[in-house]
Amino acid sequence: METHQHSPDSSSEECTVLEAPPGKNACPQHTGKVAELYCSACECALCEDCVPEHEEHPQVPLSQALEQHHSSLQERLGAVQNRLPQISDALSFVKEILQQLTNQRASIEEDIQSSFEDLHKQLDVRKSVLLMELEVTYGLKQKVLQVQVDSLLRGEGDIMASCTQTEEALAAEACVASLQVKQELQERLGELAGLGLPCQPEENDQLDLLMETDGLRKSIHNLGTIVTTSAVASQSEAMGAGLEQCIVGHPASVTIVTRDKSGGACKSGNAILSAEVFTPDGSIVDGEILDHKNGTYEFVYTVPKEGDFSLALRLYDQHIKGSPFKLTVNRVLDADVEVSPSTTTATNSAAYATPSTGSSEGAKRRGKSPGQKKKGSKRASSALGTPRRKTQNPIEDDLIFRIGTKGRNKGEFTNLQGVAASSSGRILIADSNNQCVQIFSNDGEFKSRFGMRGRSPGQLQRPTGVAVHPCGDIIIADYDNKWVSIFSSEGKYKAKLGSGRLMGPKGVSVDQEGHVIVVDNKACTVFIFQLTGKLVTKFGSRGNGDKQFAGPHFAAVNKNNEIIVTDFHNHSVKVFTPEGELVLKFGSNGEGNGQFNAPTGVAVDVNGNIIVADWGNSRIQVFDGSGSFLSYINTSADPLYGPQGLALTSDGNVVVADSGNHCFKVYRYLQ
């Protein structure tokens with residue numbers, strides 16, 4: 001062993017130094033020292049040289065601190081990793097919205113190009129017509145003037161020639177031979193002197209162009225609008241008495257306030273909002289959304305029976321704050337109980353968009369429950385308004401079969417709405433919440449279905465109405481996409497119409513000339529289009545007048561090519577000429593024969609009788625062509641709950657969408 005010598009200045013006692021292995025728990029403050037403690041206050045490792053500086057601070061063994069930090073980090077890592085699926089779902093959803101936005105942009109760009117190309121064509125046609133009209137008008141006037149010019153030229157030529165001959169005869173030497181010539185010239189001059197020539201103009205030179213371009217320029221300047229909002233579901237909210245409870249048979253109202261991502265109130269309308277009231281078993285209750293065009297919306301709904309319901313309010317297919325809401329529906333037991341104006345009159349004013357009188361008389365009148373019998377009116381004894389006594393149903397119509405349960409598979413439905421029947425023996429169902437159309441034979445055998453959820457052309461977002469064109473094309477009203485889609489009989493997309501014009505198409509039909517009849521529930525207007533998409537005419541506005549509607553639903557066309565429309569909130573059926581002139585109106589609010597509680601589906605038989613689905617009374621009524629009540633269709637064996645569209649099959653039966661029971665039913669109908 002090597003012997004160490006000490007310098008003269010060295011201490012007699014040797015000092016032992018503890019050196020840390022390189023890098024392991026080395027103290028960051030003192031080189032070569034090992035950290036064995038941890039200061040919780042300063043959150044740092046301590047060696048023996050650091051300890052005096054941290055005497056008053058809580059200290060724990062470094063190994064314990066390292067273990068705690070490890071556990072804490074592991075926990076935070078797990079929490080962050082748990083967010084990855086949520087972020088992944090959000091990313092997929094936002095990407096889907098972005099893709100839909102891109103698709104919508106392409107669709108609108110196509111619509112703009114198509115619309116302006118059509119306008120160019122119309123302008124070119126008008127230009128050609130004006131140029132042709134100019135040429136024809138010029139030609140007629142020019143011909144008159146040219147004939148006059150030719151006549152005057154001939155007269156002038158004859159006179160000048162005769163004058164020249166006469167002057168030559170006068171200048172010649174007089175003789176017997178010239179006597180004969182002079183006599184002839186004298187006769188000729190006499191004729192010319194009395195010759196009737198058209199010396200006054202027989203036409204004028206006016207050719208002016210009257211081109212009123214100022215109004216057209218202004219219209220072109222304001223032609224088209226790109227509609228959007230900044231509203232998001234996570235910030236938007238609902239309020240109102242209709243969020244908690246309502247009374248059976250009375251409209252309840254909910255106000256929806258849309259907000260942007262920062263919580264600021266949106267100031268414009270046209271947001272894509274949907275609302276559904278449903279029971280625990282999934283039965284759907286209908287209603288109407290009113291756009292106040294200021295960022296707020298009113299959802300007005302009526303529930304036909306008491307119980308517990310849920311209200312789902314979605315903005316751009318996403319639930320708003322608090323949605324779905326729980327609802328309690330009560331029945332007024334005492335017929336003399338008056339419903340307060342705030343729960344009836346105010347909501348009715350929202351539904352009809354007319355000022356409310358707020359009178360107690362009106363409140364009492366609207367406060368009657370559909371479940372109560374009214375004095376002096378006879379009503380069949382049946383749940384949900386379905387007659388049971390055969391004496392009150394002289395036409396023996398019975399249930400043949402029913403198809404469907406709640407679900408998303410073939411032959412299953414979720415809120416089915418429109419119904420159509422083809423001449424080839426097919427029944428078509430607009431399966432609204434499953435975003436598809438299902439097709440069955442007249443015997444109820446499933447044949448096919450088509451439709452994909454989305455907001456691009458060829459996709460379906462909320463199909464509510466369906467019709468079959470004589471050419472075989474299938475016409476579908478898409479309420480949320482605000483257009484009507486046209487598919488081939490095999491379900492292949494062909495075109496769309498009404499984009500940019502329609503606000504909420506509910507029902508569709510086809511008239512005798514092959515025009516497409518569209519009932520716009522939101523706009524309270526009936527549109528008539530050619531199959532090419534060209535608008536033929538439109539009529540109707542919001543209100544309770546004869547030529548006005550309050551949430552119209554479906555339409556049918558009779559053999560006179562008259563259009564029959566169900567006026568949901570006005571509780572009536574109206575018949576119009578193709579030009580929009582009122583021919584007939586029948587029905588009132590109630591439960592008696594010929595009365596309605598919100599009519600929906602409508603069809604016409606070969607005799608002109610009108611068949612109407614009475615949604616709120618859950619029954620089907622039959623009227624003659626003049627609107628006189630004939631009978632009920634007997635549905636007592638399997639009662640309806642909120643019937644929607646109906647149609648007559650090619651073999652003469654009635655098919656109805658029993659929306660609340662998620663099925664369609666076919667009844668024997670004796671015409």
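Here, residue 1 is the first one in the sequence, and each next residue gets the next number.
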> Should Val666 and Ile427 count as side-chain neighbours, where that means a heavy-atom distance under 4.5 Å?
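Sidechains of Ile427 and Val666: in contact.
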> Is Met239 atom CE crowded by more than 12 heavy atoms from other residues, nucleotides or ligands, each under 6.0 Å away?
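It does: Met239 CE has more than 12 such atoms within range.
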> What residues, two or more places apart in sequence or in another chain, satisfy ring-ring contact (aromatic ring centres under 6.0 Å, His included) together with Phe596?
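Checked Phe596 against ring-ring contact (aromatic ring centres under 6.0 Å, His included); matches are Phe623.
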> Hey, is Asp473 close enough to Lys494 for a salt bridge, meaning N to O under 4.0 Å?
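Yes.
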> Just by distance, do the side chain of Asn558 and the backbone of Asn560 share a donor-acceptor pair under 3.5 Å?
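Indeed, once roles are kept as given, a pair shorter than 3.5 Å links the two residues.
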> Flag the pair Phe529 / Val536 as yes when at least one side-chain heavy-atom distance between them is below 4.5 Å, and no otherwise.
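Counting from C-beta outward, Phe529 and Val536 never come under 4.5 Å.
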> If you measure from the Lys or Arg side-chain nitrogens to the Asp or Glu carboxylate oxygens, is any gap between Lys522 and Glu288 under 4.0 Å?
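Result for this pair is no, no salt bridge flagged.
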> Kindly write out the residues that satisfy side-chain contact (heavy atoms from CB on, under 4.5 Å) with Ser323, not counting sequence neighbours, or none if the list is empty.
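side-chain contact (heavy atoms from CB on, under 4.5 Å) list for Ser323, sorted by chain: Ala312, Leu313, His319, Ile320, Phe325.
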> Please walk me through it: do Phe299 and Tyr297 pass ring-ring contact (aromatic ring centres under 6.0 Å, His included)?
CA-CA 7 Å; Phe299 175 54; Tyr297 303 79; over 10 Å; no
> Under a 4.0 Å N-O cut-off, is there an ion pair linking Arg402 with Asp638?
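Answer for the salt bridge query: yes.
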> Give the C-alpha distance, both sets of side-chain angles, the deciding distance and a yes or no for side-chain hydrogen bond (donor to acceptor under 3.5 Å, both in side chains) between Asn433 and Glu276.
CA-CA 10 Å; Asn433 287 22; Glu276 293 177 347; 2.4 Å; yes
> Going through the distances and angles, do Phe278 and Tyr641 end up as a ring-ring contact (aromatic ring centres under 6.0 Å, His included)?
CA-CA 12 Å; Phe278 53 93; Tyr641 178 35; over 10 Å; no
> For Ser423 versus Ser650, what's the shortest heavy-atom pair and its separation?
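Looks like O-CB, 4.0 Å.
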> Among Ile564, Val557, Ile475, Val508, find the one that has a side-chain contact (heavy atoms from CB on, under 4.5 Å) with Ile517.
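Testing Ile517 for a side-chain contact (heavy atoms from CB on, under 4.5 Å) against Ile564, Val557, Ile475, Val508 leaves exactly one candidate, Val557.
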> Contact between Leu531 and Cys471 at the side-chain level, heavy atoms closer than 4.5 Å - yes or no?
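The answer is yes, as the side chains (C-beta and beyond) meet within the 4.5 Å cut-off.
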> I'd like to know if Arg455 and Asp317 make a salt bridge, using a cut-off of under 4.0 Å between side-chain N and carboxylate O.
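Yes, Arg455 and Asp317 are salt-bridged.
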> Taking all heavy atoms of Leu311 and all of Val277, pick out the closest pair and write down the distance.
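Where Leu311 meets Val277 most closely, the heavy atoms are CD1-CG2, 3.7 Å.
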> Do Gln104 side-chain atoms and Leu101 backbone N/O form a donor-acceptor pair below 3.5 Å?
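No.
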> Given 3.5 Å as the limit, does a donor-acceptor pair link the side chain of Gln438 with the main chain of Gly411, or not?
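A pair under 3.5 Å: yes.
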> Kindly say whether Phe629 contributes a backbone atom to a donor-acceptor pair with the side chain of Asn593 at under 3.5 angstrom?
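No: the side chain of Asn593 does not pair with the backbone of Phe629.
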> Determine the minimum heavy-atom distance between Pro505 and Thr464, stating which atoms define it.
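Nearest heavy atoms, Pro505 then Thr464: O-OG1, 3.2 Å.
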> If you count heavy atoms of other groups shown closer than 6.0 angstrom to NZ of Lys496, is the number above 12?
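Atom NZ in Lys496 is crowded, with more than 12 foreign heavy atoms closer than 6.0 Å.
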> May I ask you to decide if Ala556's main-chain N or O and Ser509's side chain share a donor-acceptor pair within less than 3.5 Å?
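No; judged by distance alone, with no hydrogens or angles, the pair does not exist.
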> When rounded to the nearest 0.5 angstrom, what distance separates CZ in Arg619 from OH in Tyr632?
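So the CZ of Arg619 and the OH of Tyr632 are separated by 4.0 Å.
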> Tell me if the centroids of the rings in Tyr667 and Tyr669 come within less than 6.0 Å of each other.
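Not under 6.0 Å, so no.
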> Check Leu460 against Ser485 and note the closest heavy-atom contact, atom names and distance.
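So the minimum-distance heavy-atom pair works out to CD2-OG, 4.5 Å.
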> Are side-chain heavy atoms of Gln644 and Lys506 found at a separation under 4.5 Å?
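Gln644 vs Lys506: side chains touch.
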> Tell me if a side-chain donor or acceptor on Thr525 pairs with a main-chain N or O of Ala523 at a distance below 3.5 Å.
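Flag set: sc Thr525 to bb Ala523 pair under 3.5 Å.
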> Which pair of heavy atoms, one from Asp546 and one from Phe576, lies closest together, and at what distance?
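Result for this residue pair: O-CZ, 3.9 Å.
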> Between Tyr479 and Arg462, is there a cation-pi geometry (under 6.0 Å to ring centre, at most 45° from the normal)?
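Yes, Arg462 lies over the aromatic ring of Tyr479.
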> Using side-chain heavy atoms (C-beta onward) and a distance below 4.5 Å, is Leu497 in contact with Ile486?
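Leu497 vs Ile486: side chains touch.
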> Looking at every non-hydrogen atom in both residues, tell me the closest pair between Cys524 and Gly551 and how far apart they are.
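For Cys524 and Gly551, the tightest heavy-atom pair comes out as SG-N, 3.5 Å.
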> With a 3.5 Å cut-off and no angle check, do the side chains of Gln595 and Ser588 form a donor-acceptor pair?
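Present: a donor and an acceptor within the cut-off.
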> Go through Asn434 and Thr414 one step at a time and tell me if the side-chain contact (heavy atoms from CB on, under 4.5 Å) criterion holds.
CA-CA 6 Å; Asn434 286 334; Thr414 307; 3.5 Å; yes
> Is there a side-chain contact between Ile620 and Ile611, using heavy atoms and a 4.5 Å cut-off?
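Side chain of Ile620 against side chain of Ile611, heavy atoms only: contact under 4.5 Å found.
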> Do the non-hydrogen side-chain atoms of Val516 and Phe527 ever get within less than 4.5 Å of each other?
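SC-SC contact between Val516 and Phe527 ruled out.
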> With Phe446, which residues qualify under ring-ring contact (aromatic ring centres under 6.0 Å, His included), at least two apart?
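For Phe446, the residues satisfying ring-ring contact (aromatic ring centres under 6.0 Å, His included) (neighbours in sequence not counted) are Phe440.
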> Can you tell me which residue pairs pass the ring-ring contact (aromatic ring centres under 6.0 Å, His included) test with a partner in residues 489-522, sequence neighbours excluded?
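Every ring-ring contact (aromatic ring centres under 6.0 Å, His included) pair that includes a residue of residues 489-522, provided the two are not neighbours, is Phe487-Tyr493.
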> Using only atom types and a distance under 3.5 Å, with no angle test, would you say the side chain of Asp478 pairs donor to acceptor with the backbone of Gln461?
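Side chain of Asp478 to backbone of Gln461: a pair is present.
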> Give the intermediate values and the outcome of side-chain hydrogen bond (donor to acceptor under 3.5 Å, both in side chains) for residues Ser659 and Asn415.
CA-CA 5 Å; Ser659 182; Asn415 191 22; 3.0 Å; yes
> Evaluate whether atom CD of Glu110 has more than 12 neighbouring non-hydrogen atoms of other residues, nucleotides or ligands under 6.0 angstrom away.
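No, not enclosed.
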> Does a side chain donor of either Thr296 or Asn294 reach within less than 3.5 Å of an acceptor in the other side chain?
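Indeed, the side chains of Thr296 and Asn294 share at least one donor-acceptor pair under 3.5 Å.
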> For the CG atom of Leu428 and the CZ atom of Arg449, what is their distance to the nearest 0.5 Å?
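Atom-to-atom, Leu428:CG and Arg449:CZ are 14.5 Å apart.
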> Could you please spell out the steps behind the side-chain hydrogen bond (donor to acceptor under 3.5 Å, both in side chains) verdict for Lys293 and Asn270?
CA-CA 7 Å; Lys293 303 299 182 182; Asn270 297 302; 3.0 Å; yes
> Does anything in residues 409-432 pair up under salt bridge (charged side-chain N to carboxylate O under 4.0 Å, His left out), and if so which pairs, sequence neighbours excluded?
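The answer is none; no pair qualifies.
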> Measure the spacing between CD of Glu237 and CG of Leu315 and express it to the nearest 0.5 Å.
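Going from the CD atom of Glu237 to the CG atom of Leu315 covers 12.5 Å.
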> Measure the shortest side-chain to side-chain distance between Leu582 and Lys574 over non-hydrogen atoms and say whether it is less than 4.5 angstrom.
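A side-chain contact under 4.5 Å exists here.
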> If only atom types and distance count, is the side chain of Asp614 paired as donor or acceptor with the main-chain N or O of Gln621 below 3.5 Å?
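Looks like no, no N/O pair under 3.5 Å.
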> Under the criterion side chain to side chain donor-acceptor pair (under 3.5 Å), which of Asn653, Asp658, Thr635 is the partner of Lys665?
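Exactly one pass, corresponding to Asp658.
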> Starting at SG of Cys436, measure out to CD1 of Ile429 and round the result to the nearest 0.5 Å.
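These two atoms lie 10.5 Å from each other.
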> What pairs with Trp615 under ring-ring contact (aromatic ring centres under 6.0 Å, His included), at least two apart in sequence or on another chain?
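Testing Trp615 for ring-ring contact (aromatic ring centres under 6.0 Å, His included), a comparison that skips the adjacent residues, returns Phe568.
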> Applying side-chain hydrogen bond (donor to acceptor under 3.5 Å, both in side chains) to Glu298 and Thr255, what does each step give before you reach the verdict?
CA-CA 5 Å; Glu298 200 84 11; Thr255 299; 3.1 Å; yes
